[in-house]
Amino acid sequence: MANSPPIFPPYRGRFAPSPTGPLHFGSLVAAVGSYLEAKSRQGEWMVRIENLDPTREIAGVSGQILNTLQALGMESDSEVIYQKQRYKTYQAALAVLERQHLVYPCVCSRKEIADSTITGIDGPIYPGTCRGRFLHDQCPGARRIRTDNRLIQFRDSLQGLILHRLHSDIGDFVLRRADGVFAYQLAAVVDDAEQGVTHVVRGRDLLNSTSRQIYLQQLLGYPTPSYLHLPVVVNARGEKLSKQTGAAPLDVSDPMPQLMMAIRFLGQAPPAELIGSDVGSFWKWATEYWKPEKIPQK
Ligand code: GLU
């Protein structure tokens, strides 16, 4: 019998933490938002550990993240996948793009790139110094993809219509670093497609990545999921919460106050007495009364 393609339910969402540090309130907001979007629509929710970069991964943190999610009542509906184990899959996707003559080796230093006089929406634009280089297997350097100025547009469910032209807004971007580490943009696109993700819900800090990801989906023949970019939590100095900005790890011994805070941050109005209940009752209330139209844009 011929293999039939897997049949996916109409909604498949995901949460994709990087194990560079324990979960903090900012990551909790992304987890809760993606979880409730999925669960309120009888969808599936999957966890993917984005540990592409061994130099940034902290030992033991992946397990800690999964334990924290479990303590908070959020469990992946399918086996957790780890990007570190999927290099062959990313290499195969890179080869597809190479066959389209869209990839070139780049030996420019970080400094040369940072010195670029053209700035795009996400920092300096690569000036294209290596664009003419011929690609062969043993070429040293990073692998970059050629961009063009076709219009890439999508309607984000919260942020509205987004229009980008990659060549002038972002520039040719890296798919695989010189040390062999695959770039987030490529890995996320390959994994979202392979996991049958229909809806991506994540922080607004990744909004500018989406057009790059749509470009790769188009070239690789993947469907484009729907996107919702949540507001990002900032500290008193206006910086995005992260390990670098000193965000405190979530306290799993007392989950309710943090879940209540996260859902309030997402514009929901839980009854105050819910704080005295347990995690199960929290999710029951939250799934039933989830109103995505109440999420603030910023
Ligand atoms: N790993 C990314 C992060 O922790 C999230 C990527 C995504 O959701 O596409 O910020």
Side-chain angles (χ1 to χ4, degrees), residues 11-38 43-58 61-66 68-69 74 76 78 80-86 90 93 122 154 156-159 162 170 173-175 177 181-217 220 222-234 239-245 247 249-250 262 266 295:
Y11 191 111
R12 275 166 79 88
R14 79 331 182 250
F15 173 55
S18 308
T20 52
L23 293 184
H24 50 74
F25 184 67
S27 20
L28 178 63
V29 165
V32 167
S34 60
Y35 187 80
L36 284 172
E37 271 292 280
E44 283 184 8
W45 182 79
M46 300 172 281
V47 176
R48 175 166 85 222
I49 300 287
E50 299 209 321
N51 56 349
L52 287 169
D53 186 349
T55 63
R56 294 191 59 219
E57 178 170 14
I58 299 180
V61 164
S62 295
Q64 195 184 339
I65 288 176
L66 297 175
T68 303
L69 290 172
M74 288 177 274
S76 185
S78 54
V80 174
I81 73 165
Y82 294 82
Q83 291 191 324
K84 188 162 76 184
Q85 296 165 358
R86 295 175 47 74
Y90 308 139
D122 234 5
F154 64 99
D156 184 273
S157 304
L158 186 60
Q159 310 297 336
I162 309 290
I170 299 282
F173 54 96
V174 171
L175 299 177
R177 292 191 330 212
V181 171
F182 280 93
Y184 155 69
Q185 307 292 353
L186 179 67
V189 160
V190 169
D191 290 344
D192 282 342
E194 217 173 271
Q195 293 189 283
V197 169
T198 57
H199 293 73
V200 172
V201 178
R202 59 187 175 196
R204 200 173 184 277
D205 52 316
L206 291 164
L207 189 60
N208 283 344
S209 288
T210 306
S211 46
R212 264 168 278 187
Q213 296 181 7
I214 293 175
Y215 178 57
L216 294 177
Q217 286 155 4
L220 291 164
Y222 298 154
T224 289
S226 105
Y227 289 95
L228 191 163
H229 287 87
L230 298 168
V232 161
V233 187
V234 293
E239 303 156 332
K240 181 193 160 213
L241 286 200
S242 69
K243 205 187 71 180
Q244 289 74 27
T245 58
L250 295 174
L266 290 169
I295 309 173

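Both counts, for ligands and for their atoms, begin at 1 and track the order of listing.
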Study note, to complete from the structure: Closest to atom 5 (C) of ligand 1 among protein heavy atoms sits Ala16 O, 3.3 Å

Review point. Is there a donor in the side chain of Thr210 and an acceptor in the side chain of His229, or the other way round, less than 3.5 Å apart?
Key: yes

**Study point:** Which residue and heavy atom of the protein sit nearest atom 4 (O) of ligand 1, plus the separation
**Key:** Ser18 OG, 3.2 Å

Exercise for review: Taking atom types as modelled, find out whether Gln195 and Arg14 have a side-chain donor-acceptor pair closer than 3.5 angstrom.
Suggested key: no

**Study point:** Gln185 and Tyr215 side chains, donor-acceptor separation under 3.5 Å
**Key:** no

Check your understanding: Is Ala188 touching ligand 1 with its side chain, its backbone, both, or neither, if touching means heavy atoms under 4.0 Å apart?
Key -> neither

Exercise for review: Can you sort out which atoms of ligand 1 are near Leu206, meaning under 4.0 Å from one of its heavy atoms?
Suggested key: 5 (C), 6 (C), 7 (C)

Practice item. Can you sort out which atoms of ligand 1 are near Arg14, meaning under 4.0 Å from one of its heavy atoms? Key: 7 (C), 8 (O), 9 (O)

Review point. Would you call Arg204 and Asp156 a salt bridge, taking side-chain N to carboxylate O under 4.0 Å as the test?
Key: no

Check your understanding: Quick one: which of Glu50, Arg202, His229, Gln185 has a heavy atom closest to atom 6 (C) of ligand 1?
Key -> Glu50

Check your understanding: Which distance, rounded to the nearest 0.5 Å, do you find between the CZ of Arg48 and the CD of Glu50?
Key -> 4.5 Å

Review point. Using a heavy-atom cut-off of under 4.0 Å, does the side chain or the backbone of Tyr184 touch ligand 1, or both, or neither?
Key: side chain

Check your understanding: Between the side chains of Glu44 and Ser78, does any donor sit under 3.5 Å from an acceptor?
Key -> no

